Novice: 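Before we start, here is the structure in question, set down as structure tokens.
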Amino acid sequence: MPEGHTLHRLARLHQRRYAGAPVRVSSPQGRFAAEAAELDGRPMLGAEAYGKHLFHNYGPAGTVHVHLGLYGVFTEVALPVVPPAGQVRMRLAGRTHWTDLRGPTRCELLSEAEADAIKARLGPDPLRRDAQPQRAWERISRSRTVLAALLMDQSVLAGVGNVYRAEVLFRQGIAPLLPGRALDSVVWKAVWDDLVTLMRAGVRTGRIDTVADEHLPEVTGRAPRQDRHGGEVYVYRRTGQPCLVCGTPIAQTELAGRNLYWCPTCQPA
DNA sequence: GATCTATGTAGAT
DNA sequence: TCTACCTAGATCG
């Protein structure tokens, strides 16, 4: 279930489990077999996330680039390994644990230059210390595109997905269809800072929770809604349900093929 | 058991 | 703007 926080959690986990020692690499499904054979038994130097992209660095042997897409998932279990079940694109086995990757949209072996090129085309990632938010602002403040689309554009901001987009716009009281260049720079600063706060919390907990304590359903008495993703949210997938702040039914529309959710009262046009 | 839907992206049109 | 990718859980019947 991949927005940026998920990938940063995985990078942190893989760094701890597999970096600094030889790793057994295989591709039971076969689609990564040649690359796996190339890497098998080599030490992983490090794991890092950039936006929704995950990189396993094997030094001169190359860098594995993983993008989970909609369906991709890593599972991890303590040794010993068991025979693969289903379609396992990549299997890693380390000193104590092994992990299977299924259903990624990308799993490929790249040169360092190719990995750098992917990072270079991404916007600043609120979860990275080296992020430069002004790079995003330069794009947003000149754009006629609506904010809801800009926030999902990975070349503008890296790591923000449909949930964080909807929730940060709600929390900052911004109409999702506001053009980027109509956004006030002070409000932009608040959006960025809020993304940093929310996404860091997501890395800590592995969930997306965005609702302030005073708005929690058990406090306000408004209908509780535990979403499938496991967190407590204001608007994401709450179409027609009462806003946790004002009670107005949450609105939904489709934008660029993705569902967009907002409160018409708290986020007036 | 069949069908629908999804926290995503690239490439074709 | 559309489709393909290709997985699993929820929902339908």
Side-chain angles (χ1 to χ4, degrees), chain A residues 1-11 27-32 49-55 64-76 84-91 99-108 110 114-115 117-123 125-127 145-146 148-171 176 194-195 198-211 225-241 250 252-262:
Chain A
M1 300 71 164
E3 295 202 21
H5 68 302
T6 303
L7 280 299
H8 280 264
R9 273 176 79 83
L10 285 167
S27 179
Q29 171 207 52
R31 287 181 57 182
F32 190 61
Y50 203 124
K52 299 170 190 168
H53 300 254
L54 176 66
F55 299 93
V64 176
H65 168 230
V66 174
H67 196 295
L68 295 177
L70 261 181
Y71 321 122
V73 63
F74 277 100
T75 54
E76 195 198 58
Q87 301 284 77
V88 177
R89 182 78 60 90
M90 178 173 72
R91 169 172 286 192
T99 186
D100 278 349
L101 169 64
R102 296 164 205 274
T105 202
R106 277 276 189 281
C107 174
E108 57 191 352
L110 303 179
E114 290 168 325
I118 290 175
K119 297 172 191 173
R121 66 165 201 247
L122 294 171
D125 175 352
L127 286 173
T145 304
V146 298
L150 289 167
L151 293 182
M152 293 274 285
D153 183 337
Q154 300 298 298
S155 70
V156 175
L157 280 174
V160 176
N162 207 4
V163 184
Y164 283 126
R165 153 177 86 170
E167 295 300 307
V168 78
L169 287 172
F170 176 88
R171 284 166 55 99
D194 206 23
L195 284 171
L198 290 174
M199 294 175 75
R200 280 187 183 166
V203 174
R204 271 199 308 280
T205 63
R207 318 174 0 144
I208 300 181
D209 289 290
T210 61
V211 180
R225 169 75 159 79
Q226 188 75 9
D227 190 79
R228 193 183 295 171
H229 66 70
E232 196 74 60
V233 294
Y234 283 107
V235 294
Y236 176 71
R237 280 171 63 98
R238 293 192 66 244
T239 311
Q241 297 181 44
I250 298 304
Q252 174 194 343
T253 190
E254 202 175 297
L255 180 71
R258 308 299 301 279
N259 286 321
L260 171 66
Y261 308 87
W262 78 102

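Everything quoted here is computed from the prediction, not taken from an experiment. Order of the sequence lines sets the chain letters (A, B, ...), proteins ahead of strands, with each chain counted from 1.
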Novice: Nearest 0.5 Å please: distance from the CG atom of L127(A) over to the CG atom of L195(A).
Specialist: 9.0 Å
Novice: Would you write the dot-bracket representation of DNA chain B, where each base gets (, ), [, ], | or . depending on whether it forms a Watson-Crick or G-U pair under 3.5 Å and with which partner?
Specialist: ||||||.|||||.
Novice: Mark yes or no for whether K52(A), through its side chain, and V160(A), through its backbone, hold a donor-acceptor pair below 3.5 Å.
Specialist: yes
Novice: Taking the P atom of each, how far is dA4(C) from dC4(B), in whole Å?
Specialist: 15 Å
Novice: Rounded to the nearest 0.5 Å, how far does SG of C107(A) lie from CE of M90(A)?
Specialist: 4.5 Å
Novice: How many Å lie between CG on D153(A) and P on dT7(B), as a whole number?
Specialist: 17 Å
Novice: If I take atom CD from residue Q252(A) and atom CZ from residue R237(A), how far apart are they, to the nearest 0.5 angstrom?
Specialist: 9.5 Å
Novice: Look up atom CG in L10(A) and atom CD in E76(A), then write down how far apart they are to the nearest 0.5 Å.
Specialist: 9.0 Å
Novice: So R9(A), base contact, sugar-phosphate only, or nothing? Heavy-atom distance under 4.0 Å.
Specialist: nothing
Novice: Any sub-3.5 Å donor-acceptor pair from E232(A)'s side-chain atoms to V211(A)'s backbone N or O?
Specialist: no
Novice: Which pairs of donor and acceptor atoms, one on a side chain in residues 64-75 of chain A, lie under 3.5 Å apart (sequence neighbours left out)?
Specialist:
{"from": "H65(A)", "atom 1": "ND1", "to": "E108(A)", "atom 2": "OE2", "distance (Å)": "2.8"}
{"from": "H65(A)", "atom 1": "NE2", "to": "H53(A)", "atom 2": "ND1", "distance (Å)": "2.8"}
{"from": "H67(A)", "atom 1": "ND1", "to": "G69(A)", "atom 2": "N", "distance (Å)": "3.0"}

Novice: OP1 or OP2 of dG8(B) sitting under 4.0 Å from any side-chain N/O of Q154(A)?
Specialist: no
Novice: Within the structure, does a side-chain N or O atom of K52(A) lie under 4.0 Å from either OP1 or OP2 of dT7(B)?
Specialist: no
Novice: Taking the same atom, P, in dA10(B) and in dA8(C), what whole-Å distance lies between them?
Specialist: 23 Å
Novice: Using atom CG of L255(A) as one end and atom P of dC2(C) as the other, report the distance to the nearest whole Å.
Specialist: 13 Å
Novice: Check whether any side-chain N or O of N259(A) sits under 4.0 Å from OP1 or OP2 of dA6(B), and answer yes or no.
Specialist: yes
Novice: Tell me: CD1 of I118(A) to P of dG8(B), nearest whole Å?
Specialist: 18 Å
Novice: How many Å lie between CG on L7(A) and P on dT7(B), as a whole number?
Specialist: 16 Å
Novice: What is the separation between atom CG on L157(A) and atom P on dT7(B), rounded to the nearest whole Å?
Specialist: 18 Å
Novice: Send over the distance from R121(A) CZ to dA10(B) C1', rounded to a whole Å.
Specialist: 9 Å
Novice: Using the 3.5 Å cut-off, write out each protein N or O paired with an N or O of nucleotides 11-13 of chain B and the distance between them.
Specialist:
none

Novice: Between Q87(A) and R102(A), do the side chains contain a donor N or O and an acceptor N or O under 3.5 Å apart?
Specialist: no
Novice: At under 4.0 Å, does any side-chain N or O of R258(A) touch on OP1 or OP2 of dT1(C)?
Specialist: no
Novice: Which residue pairs satisfy the salt bridge (charged side-chain N to carboxylate O under 4.0 Å, His left out) criterion with at least one member in residues 149-163 of chain A, sequence neighbours excluded?
Specialist: R139(A)-D153(A)
Novice: In Å, rounded to the nearest 0.5 Å, how long is the span from CZ of F55(A) to CG of L110(A)?
Specialist: 7.5 Å
Novice: Below 3.5 Å between N/O atoms, which protein atoms pair up with nucleotides 5-8 of chain C? Just atom names and distances, please.
Specialist:
{"from": "dC6(C)", "atom 1": "OP1", "to": "R31(A)", "atom 2": "NH1", "distance (Å)": "2.3"}
{"from": "dC6(C)", "atom 1": "OP1", "to": "R31(A)", "atom 2": "NH2", "distance (Å)": "2.8"}
{"from": "dC6(C)", "atom 1": "O2", "to": "Y71(A)", "atom 2": "OH", "distance (Å)": "3.3"}

Novice: What is the distance from CZ of R237(A) to P of dC4(B), rounded to the nearest Å?
Specialist: 16 Å
Novice: Taking only residues two or more places apart in sequence, or in another chain, which ones meet F170(A) in a ring pair (Phe, Tyr, Trp, His ring centres under 6.0 Å)?
Specialist: Y234(A)
Novice: Just how far, in rounded Å, is P of dT7(B) from CE of M199(A)?
Specialist: 15 Å
Novice: Would you measure the distance from the P atom in dG1(B) across to the matching atom in dC6(C) and give it in whole Å?
Specialist: 25 Å
Novice: Would you compute the distance between atom CG of N162(A) and atom CG of L255(A) and round it to the nearest 0.5 angstrom?
Specialist: 9.5 Å
